[in-house]
Amino acid sequence: MCGIIGIVGSRPVAPRILEGLERLEYRGYDSAGMATVSGDGIGLRRTAGRVETLKRLVAGSPLSGQLGIGHTRWATHGKVTLCNTHPHVVGQIAVVHNGIIENFEELRRTLEPRNLRYRSQTDSEIVAHLLYLELLDDPDPERAMRSVLERLQGAFSLVIMNADQPDMLMVARRSSPLVAGFGEDEMFVGSDARALVHLTRRLVYLEDGDWAVVRRESIELHDASHRPVERAVRHSEVQDEKPDPGEFPHFMAKEIHEQPEAVTYTLHRYVEPAGGELKFPEFPFDARDVPRMSIVAAGTSYYAGMVARYWFERLARLSIDVDIASEFRYRDPVLAPGGAVLAISQSGESIDTLMALREARAGGQHVLSLVNMAESTIERESDVTLHTAAGPEYSVASTKAFTTQLVVLACLAVSWGLQRGTLEAAEASVALDALARVRAGLAGILADTGCWDECVGQLARARDIIYLGRGSNYPIALEGALKLKEITYIHAEGFGAGEMKHGPIALIEPGTPVVVVAPHDKWFDKTASNVAEARSRGARIALISDRTGIEKLAGAATWTLPLPDSHALTAPILATAHVQMLAYRTAVTLGTDVDRPKNLAKTVTVE
Ligand code: F6R
C-alpha cells in the first residue's frame, strides 16, 4: 500500500525518484507524485494517474534539485484526485506517507482555531500542517519531528522534506515498513529494498517506532522513546530486477507460465534432487513435541494455509488452526503452550499477517514464516523463515507464489510426518516423487492452450460463477473464485461442494457456470453427487479432473479441463493452473487491466 521514496543526493534526484516509483508501483497505482527542492524552493509534480503519466509530466516540465521525495498512492482516505495525491505541501514542508493516521480528524478538530487551509481529504496532509506549525514555534527540526510523532496515532511510514533544510530528510516508521540505503555521499529511503537495490545494497531497516534524520553522509536513528540507536547495516541480497513481462502480454501470464520452473527451484531448496533427502533449517522446537500450529495469512496465502491443514493433519497428525490474519489478531485466540505459528505471505509485508505474528509471539508461540520476498518485515520478525523461490511477483493476482507455497508446505508436512512417526518412509518417498513430477504436470496443463476457450466465453458473460471442491481441493475452489473476481470483477464464490445444498445452491439458475475441482480421489463420489444436484438445476459444469474423473462425469460436464493422474498431495497444485488460466483468459476476454485490477494493490500494509 503506497510506495514511498526519498533521496538526499549529491546530484539531481528526479530521474532516480521516478525509477524508484516505477519499482514501487505494485504497492499502489491510484496516483503518483514527487517533489524536489532546488534554489526555487519546492517543485511539485503530481498526477491522478500512473507513474508513466508522472514521467511524461516531469519530462515536459523537469524538476531539478538534489533532494526529493516521491509517492505512489493506494487511496485510503480521500478519493483518487489530484489534490489527494502525495506529496502534500504546506509552506516549506512536503510529506509523503504510507499507512493511516487514525486520529487525523481529531487532530484537525484540535487545530480548528488556527484556521488552516486543507487542500486534500487525506489523513496524511495533517502531518505537513503539524510540522509546519511546530517549526513556527521552535525551528529545531528534530524537536519538531519528535513532537509531531507524539501526536500521531495509527500506522505510518513518513518521509518529510523541508525546503529550508535542503541537506536532509526526516523519516519515521510505525508498523509500516521503511528502509534506508547508503550511497556514495548520498542517502536513500524507501518502502522496501526493491525500491533501492538498484541504487545501493547497503541497507538499514528501521525498526518499529524508529525515526531518523537522514543526511547525505549519515543517518541519525532514534527509537520510539527518542533515544539514539544504531541499527545493523546489511548487504541486501534482494534481486534487482526491473519489472518486465518479456514476451507475455501481462505479468500474470508470465508468472503463471513460470510456475513449472518456480516449483522446481522451490522443491530443490527443500529436497535434495539427487538423493531425495529433505533439508530444512533448524526449528526452535522438536517437531515431535509441538502440540499445535496456527497458520495465519491473508487472501491467496490463506488458501495455501488451508490446503496445508489437510496435509499436516493427515501426514503429521498435527493439530492445525488456520486463520485469516486480520481475524486472528482480534479474536483473542487460545494458544497452546509450546505451540507454533506459521505466517504465510508472498510479500512478507502484509500488515494483518505481521500483526497476527506479533500477537502469537506475545502469546508465547514459536514464530515461523513462509515468505517469497527475502528480507521482508515478517522474515525479520520470525524465529525461522522458509522461502519460496518464486522470484519477484508483479501481477497483483498472486499465482506462482501460491503454488510454490504449496510445494514448501507439502515438503514440511512430509518432513514432520517422518519425524513424528506418523508417516512411513515408503509413503513419504511416493509423495516426494509426486512433487518432483509437478513441474511436468504444470507444463503439460499450460501447454494445452485451447482447453479453456469455450468455457471462458461463457464465464465472461456470466453474472455469478460458483466454484466447488472438497478436501484439499476446497481451498482451490476458493482460490479460483478469488482469482476470477479480483481480475474480472464478476461475482464468484467458492464453496465446499458438500455445503452447496445448505444454501448456496439457491444461486444456481439455468446456465450458471459451476467450476468443479474434483480429481478422482476419496472425495470424488460425494462431489459427483453435488455436481448432479447442480446440473439438475440447469448449471453448466466446468470439470477439472483427471482421466478417471472425466470419464465418470462425462455426461454431466459441459467443459472438461484435464489434469494428469496425480497424487493427493499434488492434485491441488496442478488444479490451480486451471483456475488461474480460467481467471486470466476471462479477464483478457473482458479487456480488464489484468495486472493492476481496480481498487487493489500488491502489498497490503494497512489494516
Ligand atoms: C490475491 C492476492 C491477495 C494476497 C494477499 C496476501 O491474488 O494476491 O489476496 O494473497 O493480499 O498477500 P501476501 O501473501 O503478500 O501476504
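One-based numbering, in listed order, for ligands and for the atoms of each.
A donor and an acceptor atom, one from each side chain of S301 and Q405, are located under 3.5 Å apart. Checking E479 against T300 by side-chain atom types alone, a donor-acceptor pair falls below 3.5 Å. With 3.5 Å as the limit, one finds a donor-acceptor pair spanning the side chains of H491 and E493. A donor and an acceptor atom, one from each side chain of E52 and Y29, are nowhere located under 3.5 Å apart. Between the side chains of H366 and D383, no donor-acceptor pair is found at a separation under 3.5 Å. Between S398 and E393, the side chains place a donor N or O and an acceptor N or O closer than 3.5 Å (distance only, hydrogens not considered). If you check the side chains of E255 and H250, you find no donor sitting under 3.5 Å from an acceptor. No side-chain donor from either of E607 and S326 sits under 3.5 Å from a side-chain acceptor of the other. Side-chain contact check for Y26 and D192: at least one donor-acceptor pair (N or O, by modelled atom type) lies under 3.5 Å.
Under a 4.0 Å criterion applied to the non-hydrogen atoms of G299, ligand 1 contributes the atoms 9 (O), 10 (O). Atom numbering of ligand 1 starts at 1 in the shown order; those under 4.0 Å from a heavy atom of S350 are 6 (C), 12 (O), 13 (P), 15 (O), 16 (O). Those atoms of ligand 1 that come under 4.0 Å of a heavy atom in S347, given as number and element, are 13 (P), 15 (O), 16 (O). Which parts of ligand 1 touch K483 is read off a 4.0 Å heavy-atom cut-off, strictly below it: atoms 1 (C), 7 (O). Against a heavy-atom cut-off of under 4.0 Å, E486 is close to the following atoms of ligand 1: 1 (C), 7 (O). Close approach to S301 involves these atoms of ligand 1, each under 4.0 Å from a residue heavy atom: 10 (O), 13 (P), 14 (O). Counting atoms of ligand 1 from 1 in the listed order, those under 4.0 Å from a heavy atom of A397 are 7 (O). Of all atoms in ligand 1, numbered sequentially from 1 with element shown, those under 4.0 Å from a heavy atom of S345 are 13 (P), 14 (O), 15 (O), 16 (O).
Protein heavy atom closest to atom 5 (C) of ligand 1, with residue, atom name and distance, is A298 O, 3.6 Å. Among protein heavy atoms, the minimum distance from atom 3 (C) of ligand 1 is reached at T300 N, 4.1 Å. In terms of protein heavy-atom proximity, atom 11 (O) of ligand 1 is closest to V604 CG2, 4.1 Å.
For ligand 1, the polar-atom distance check finds no N/O of T353 at less than 3.5 Å from any of the ligand's N/O atoms. Remark: ligand 1 and K602 share no N or O pair separated by less than 3.5 Å (distance only, no angle test). An N or O contact shorter than 3.5 Å links V396 to ligand 1 by distance. Below 3.5 Å of separation, one finds an N or O of S398 facing an N or O of ligand 1.
Within the 4.0 Å heavy-atom shell around ligand 1 one does not find M373. Not a single heavy atom of N372 sits under 4.0 Å from any atom of ligand 1.
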Test ring-ring contact (aromatic ring centres under 6.0 Å, His included) applied to F402 and Y303, step by step: CA-CA 8 Å; F402 179 70; Y303 297 143; 7.5 Å; no

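Neither the backbone nor the side chain of T603 has any atom closer than 4.0 Å to an atom of ligand 1 (non-hydrogen atoms only).
Annotation: cation-pi pair R380/Y205 present, NZ/CZ under 6.0 Å from the ring centroid and within 45° of its normal.
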